[in-house]
Amino acid sequence: MEIVPYRFNDLLAIEPLRADEITFLLDQSKPFQEIQRHPLKKLATLRGKTVGLAFFEPSTRTRISFSTAASRLGADTMQLQAESSSLQKGESLLDTVRTLDAMKPDCIVMRHRSSGAADFVARHLEIPVLNAGDGTHEHPTQALLDALTIRDRLGRLDGWNVSIIGDILHSRVARSNIHLLSRFGCHITLCGPPMWVPRELEHITECGAPVRRVSRVEEALDGADIVLMLRVQQERMHEPKLPLDEYVMLYQLTQDRLRLARPGALVLHPGPMIRGLEIDPVVADGPQSCVLEQVTNGLAVRMALLFLLIGHGGEESPAKDAS
Ligand code: CP
């Protein structure tokens, strides 16, 4: 097997990763998928290590997944409860994470509403920082678990027609997936109400792979191998507002619409899903849906990343240049 050295101390984004590095991370996740199927799931690999979890925005999947990944590797966790922390008294982000850092975790996993927040923190700390979602920028572990799910179901990542449908403007999941899947020559189609599908995303890929924008969902689904549905993020600003019943009529993924895609096309959704809004429950629970597999694969991906970044995958990592 070819050895691809993992050259990062942090995981902040998919954008700087090469295809061989992504493949390496997915391959490293395979043994951790096996562990999820084992009756005894606990290892001692990271015994004595501590994972700091700093979630400044709500999360179910990512927070519990990182926490469980740490626990299954034998690590302890240190959890910031943002809503009951001294942030409410005006403490800054940097002072908050420096306070956590002073309690000597071995890495910090963070989610924040501001794009670039994880990168900012990583530049001030010597320990690894893993981005669990920053504003509308990136959600790298989500794209990795999506890729693992696609590779498992379809046998490879290369060359698929991928349609990403919904509120793309506010979606860090869309950005991370566009970066990742375009590295493997996938043909990306973005679809949603025009004000939610920014024109600049046509040129987002470093490799110059074309990204197509369409406004009719039927056009996006025609010939798709993979359909990635996105949540309508009502908590973020939407101007001009689109009536939700109109959204359902024009963009909801129904069984009839899914028939326009290739037979057996995969349906992915990062969650949380709003059933009856962006996706019909029949599709969400149908045989083409990968939603729960995505969640299970998230554990494997996050265990692999913690193992590589703080267990050093059996090797020492280079020192970080923190200022
Ligand atoms: N997919 C995802 O990030 O879900 P959570 O917001 O529940 O973590």
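Numbering of ligands and ligand atoms starts at 1, following listing order.
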Residue G271 vicinity, atoms of ligand 1 by number, heavy atom under 4.0 Å: 1 (N), 2 (C), 4 (O)

Flag, side chain of S163 to backbone of L221, donor-acceptor distance under 3.5 Å: no

Sub-4.0 Å heavy-atom approach of E57 to ligand 1: no

Closest protein heavy atom (residue, atom, distance) for atom 1 (N) of ligand 1: P270 O, 2.8 Å

Atoms of ligand 1 close to T62 [distance to a heavy atom under 4.0 angstrom, numbered from 1]: 2 (C), 3 (O), 4 (O), 5 (P), 8 (O)

Sub-4.0 Å heavy-atom contact, G133 with ligand 1: no

CD1 on I150 to CG on L268, rounded to 0.5 Å: 5.5 Å

Protein heavy atom at shortest distance from atom 6 (O) of ligand 1: R111 NH1, 2.8 Å

Atom 4 (O) of ligand 1: the protein heavy-atom neighbour that sits closest, reported with distance to 0.1 Å: R61 NE, 3.1 Å

T60: numbered ligand 1 atoms lying under 4.0 Å from its heavy atoms: 5 (P), 7 (O), 8 (O)

D134 (side chain) donor-acceptor with E138 (main chain) under 3.5 angstrom: yes

Y251 side-chain N/O to S215 backbone N/O, donor-acceptor pair under 3.5 Å: yes

Pairing of R156 and D158 as salt bridge, 4.0 angstrom limit: no

D106 side chain to I310 backbone, donor-acceptor under 3.5 Å: no

